[in-house]
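Quick note: residue numbers are just sequence positions, from 1. These numbers come from the heavy atoms of this one structure, side chains and all, not from hydrogens, waters or symmetry mates.
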Amino acid sequence: MSLYSDSSGFPVAALVVGGIFMATGLPGILRIRKLRRTGASAVGQVVAIRSRESEGGTTVYSPDVVWQTPDGRQHEYSPSEYSSSKRRFRVGTHLTIYYDPADPDRRPKLKGPVGNSLNWSSMVAGAVAICVGLVDLVLTHR
C-alpha cells in the first residue's frame, strides 16, 4: 500500500527532494552557529529600511545596518533576507551582528531569525519529505 500507488518512484523522488532541501538549509545553519561560536559580534544600528514586492505581491522589508569593528572601521550590512513585518525593523534600532573578524564584510549575519527562518524552513521541509518518502518506501515493500 503506497501513498501514491500508481507511482513506484515516489519514495525515491521524495528522498531526493528532501535531501536537496536539507542540503540547501544546512550550510546556512552551520555557518551562523560557527559565527556565534568562533566569530566576533558587534552592535549595529539600522540606518535605513529597504522594501520590495515579493512574487506573491506582499511588500517585504530588510534593514540596512551599520556597525564598527574594534579597530574603528565602519561596515554596512544589508541582508538579502526579508521580513513581511515593517515594524520588525526601525531606523535607529540596535541589532547584534555576527561576523568573521578576518573578513568582516564577508556574509555577516544578524542575531535572530532574519535569514535563519529560510534555512530552518528548508530543513523542516526536507525532513518532512524524507520522512514521507521513507514511510512510503516501507509501506510499499511490506
Which atom of Thr59 lies closest to which atom of Ser51, heavy atoms considered: CG2-CB, 4.0 Å
Give the minimum heavy-atom separation between Pro79 and Pro63, together with the two atoms involved. CD-O, 3.1 Å
Within one Ile-Leu-Val-Met-Phe-Trp-Tyr cluster: Tyr77 and Val43, side-chain cutoff 4.5 Å: no
Flag side-chain contact, heavy atom, 4.5 Å: Tyr99 against Thr69: yes
Kindly indicate, with the supporting measurements, whether the criterion side chain to side chain contact (heavy atoms under 4.5 Å, CB included) is fulfilled by Leu35 and Lys109. CA-CA 8 Å; Leu35 278 176; Lys109 286 288 191 182; 4.2 Å; yes
In a check of side-chain contact (heavy atoms from CB on, under 4.5 Å) between Leu110 and each of Val46, Ile32, Leu95, which one passes? Leu95
dist Ile97:CD1 -> Gln68:CD (nearest 0.5 Å) comes out at 11.5 Å
Quick check for you: to the nearest 0.5 Å, what is the distance between Asp136 atom CG and Phe10 atom CZ? 5.5 Å
Ile29: partners by side-chain contact (heavy atoms from CB on, under 4.5 Å), with sequence neighbours left out: Arg33, Asn119, Trp120, Met123
Heavy-atom check, side chain of Arg73 versus side chain of His75, under 4.5 Å: yes
What one should report as the nearest heavy-atom pair of Gly57 and Glu53 is CA-OE2, 3.5 Å
Show me the donor-acceptor pairs within less than 3.5 Å that the side chains of residues 14-25 make with the rest of the protein, sequence neighbours left out.
| residue | atom | partner | partner atom | Å |
| --- | --- | --- | --- | --- |
| Thr24 | OG1 | Ile20 | O | 2.8 |

Taking side chain as C-beta onward, heavy atoms only, is Ser78 less than 4.5 Å from Ser62? no
Using the side-chain contact (heavy atoms from CB on, under 4.5 Å) criterion, which residues pair with Arg107? Sequence neighbours excluded. Arg31
Over all atoms of both residues, closest heavy-atom pair of Pro101 and Pro104: O-CD, 3.7 Å
Sub-4.5 Å side-chain heavy-atom contact between Ile49 and Asp64: no
When you group the ILVMFWY residues by side-chain heavy-atom contacts below 4.5 Å and let the links chain together, are Val47 and Tyr61 in the same group? no
Derivation and outcome, side chain to side chain contact (heavy atoms under 4.5 Å, CB included), residues Gln74 and Val66: CA-CA 7 Å; Gln74 186 168 308; Val66 173; 3.1 Å; yes
Could you tell me which non-hydrogen atom of Ser41 sits nearest to which non-hydrogen atom of Tyr98, and how far apart they are? CB-CD2, 3.8 Å
